[in-house]
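Notes for the one structure printed next.
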There are 2 protein chains.
Amino acid sequence: MESIQARAAESGGVTSLVERRLLHEEVIDRLRDMIVQGELAPETKLNERVLAAQLGISRTPLREAFKYLASEGLVELLPNRGAVVAPLKPGKVKEIFVVLGALEALAGELVCRNATDADIAEIRALHYQMVAHHARGELAPYFRYNQQIHIRLVECAGNATLAQVYRGLNAHVRRARYMANLSHERWDAAVGEHEEILAALTARDSARLQALLRDHLAKKLVLVMEALNANKPPMKAS
Amino acid sequence: MESIQARAAESGGVTSLVERRLLHEEVIDRLRDMIVQGELAPETKLNERVLAAQLGISRTPLREAFKYLASEGLVELLPNRGAVVAPLKPGKVKEIFVVLGALEALAGELVCRNATDADIAEIRALHYQMVAHHARGELAPYFRYNQQIHIRLVECAGNATLAQVYRGLNAHVRRARYMANLSHERWDAAVGEHEEILAALTARDSARLQALLRDHLAKKLVLVMEALNANKPPMKAS
DNA sequence: CAACATGGTTTTGTATGCAAAAAACGAACA
DNA sequence: TGTTCGTTTTTTGCATACAAAACCATGTTG
């Protein structure tokens with residue numbers, strides 16, 4: 001793991017023009033990435049001493065980052081027993097998808113009303129990027145653009161609170177999303193759904209957009225649940 | 001302000017049966033209460049040294065509490081300039097109400113499907129308590145039961161994530177809710193709306209319940225916005 | 001008088017120290 | 001073998017110490 005402290009040194013003595021970010025904020029972002037990207041698996045114990053050493057910082061800002069991420073729900077704090085990466089229980093994932101559904105539906109309504117043409121053009125651009133990666137069979141970049149489209153769509157609804165809550169919940173299940181292995185058919189279908197979503201957005205057809213988003217999410221949930229249950233058959237029976 | 005440390009001492013030497021809570025958690029709850037209850041007004045600067053002294057603790061757990069509450073959005077962290085109670089801007093409040101509306105609607109749908117009869121009976125009991133306080137013109141307890149009804153309703157939807165997000169956003173605007181001074185007519189009307197809500201819930205009429213909740217919230221928003229704009233006419237013009 | 005510089009003070013951010021709780025280890029024992 | 005107790009070791013939680021950044025109050029200069 002690369003030290004965070006190194007970042008300060010590498011700018012060559014001259015404190016860079018950009019505002020020097022606070023250490024604990026840097027740590028928050030770094031840990032969040034590591035958790036969401038799956039680099040830190042669910043239920044991983046987060047040992048303060050070793051993590052601090054790896055990041056090249058002291059325990060204090062690390063502990064502060066734990067608290068922040070605990071409030072986001074990505075980390076769980078066990079009294080007197082430290083922090084662990086929040087477990088990813090199927091039931092929880094289902095719950096989150098339900099809430100995300102309601103939020104995306106709201107976003108669909110608002111985005112049709114509030115998005116500028118430039119906003120929609122930007123989403124369209126992301127869409128074509130995603131399509132290109134799909135055509136080339138590049139899964140990881142496809143996922144990235146897919147995520148970006150959904151997030152950008154919510155952001156363009158013009159309600160920062162909505163966007164923040166959405167991002168927070170989405171970060172949780174992003175870990176699970178990667179696990180859902182797409183069949184070739186499902187992948188094609190998903191892209192087709194995105195085409196429809198883009199069309200509804202372009203037409204600013206709120207009702208249709210909401211329906212499409214709901215449907216799209218519901219289908220994703222099925223896949224994710226399958227992947228979760230496949231990876232985790234915690235049955236004690238022989 | 002009363003010291004938190006005192007709590008430990010007052011149990012008379014015998015460490016109480018209940019698990020000894022962690023200091024920073026205690027502080028989180030305490031500060032959250034103080035903010036939501038309005039004891040700490042929006043934009044109040046939170047000086048680490050004096051707050052820590054008042055609470056009878058060191059700066060470390062206090063700072064950890066700041067981080068947690070910052071993630072909740074009740075506190076704002078200004079790099080190198082400490083923490084302040086999150087401002088309560090009319091625009092933000094409006095945003096939150098919109099999201100709360102979507103969440104309550106979702107809760108209305110789920111609660112009709114998932115709530116037990118006992119759940120509904122409990123909400124009914126809260127309702128009658130609230131009505132009693134309305135009859136006696138006791139505003140503060142009325143508000144308390146009112147809040148409890150809404151929160152309990154969301155909790156009975158059987159989606160813990162939904163409940164958590166709802167409580168978080170609600171905590172924000174609770175500060176503003178108290179400011180909205182009810183006219184006699186509006187107060188009566190609000191109670192009437194609650195009667196209808198209870199009826200729809202009892203009948204498990206999902207669509208109707210959703211509509212009622214939306215309408216109820218929208219009316220509340222109007223009042224809150226009026227109160228906010230009345231208290232804060234930030235116009236520079238003479 | 002306004003804008004800016006400057007020294008001291010306060011306040012924040014991070015590291016470190018210390019006590020208490022939990023985990024790990026191992027010996028005694030059934 | 002497996003269990004239970006006691007001891008050692010590790011880890012957490014909180015307090016404190018120190019350095020750097022922001023603030024403040026004056027004085028200086030144009």
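Sequence lines set the chain letters: A, B, ... in the order given, protein chains first and strands last, and positions in each chain run from 1. Note that the structure is a prediction, hence the values are computed from the model and not measured.
When distances run from any side-chain atom of B:N47 to the nucleotides C:dT12, D:dA15, C:dG13, the shortest one goes to C:dT12. Relative to the side chain of A:N80, the nucleotides C:dT11, D:dG13, C:dT14 differ in distance, and D:dG13 lies closest. The side chain of B:S58 approaches D:dC14 more closely than any other nucleotide in the set D:dC14, C:dT12, C:dT16. When distances run from any side-chain atom of A:E64 to the nucleotides D:dC14, C:dT12, C:dT14, the shortest one goes to C:dT14. Of the candidates D:dC14, D:dA21, D:dT12, D:dC14 carries the atom nearest the B:L23 side chain, counting heavy atoms from C-beta on. Among the nucleotides D:dT12, D:dC14, D:dA17, the one closest to the side chain of B:R59 is D:dA17.
In this structure, A:H24 reaches the C:dT14 phosphate: one of its side-chain N or O atoms is under 4.0 Å from OP1 or OP2. OP1 and OP2 of C:dT10 both lie 4.0 Å or more from every side-chain N or O belonging to B:K45. An OP1 or OP2 oxygen of C:dT12 is reached within less than 4.0 angstrom by no side-chain nitrogen or oxygen of B:R63.
Among the protein residues, B:L77 comes within range of no part of the nucleic acid, since none of its heavy atoms lies under 4.0 Å from any strand.
A salt bridge links A:R152 with A:E155: at least one charged nitrogen is closer than 4.0 Å to a carboxylate oxygen. Electrostatic pairing of A:R113 and A:E109 counts as a salt bridge here, judged by a charged N lying under 4.0 Å from a carboxylate O. Taking the charged nitrogens against the carboxylate oxygens, A:R214 and A:E104 have no contact shorter than 4.0 Å, which rules out a salt bridge.
Computed from coordinates, the B:I57 CD1 to D:dT16 P distance equals 12 Å when rounded to whole Å. If you measure from atom CG of A:L22 to atom P of C:dT12, you get 12 Å, rounded to the nearest angstrom. Put simply, CZ on A:F66 is 16 Å from C1' on D:dC14, counting in whole angstrom units. In this structure, the CD atom of B:E48 is 15 Å from the P atom of D:dA22, given to the nearest Å. The separation between A:R49 atom CZ and C:dC18 atom P is 14 Å, rounded to whole Å. Here D:dG13 presents its C1' atom at 14 Å from CD of B:E26, a figure rounded to the nearest Å. Taking atom CG of A:L51 as the reference point, atom C1' of D:dT11 lies 13 Å away to the nearest angstrom. Going from atom CG of A:L78 over to atom P of D:dT10 covers 21 Å, rounded to whole Å.
Using bins of under 30°, 30° to 60° and over 60° for the plane-to-plane angle, the ring pair A:Y145/A:H133 lands in the parallel bin. Under the 30°/60° scheme for interplanar angles, the aromatic rings of A:H194 and A:H216 are found to stand perpendicular.
Judged by distance alone with a 3.5 Å cut-off, no donor-acceptor contact links the side chain of A:R81 to the base of D:dG13.
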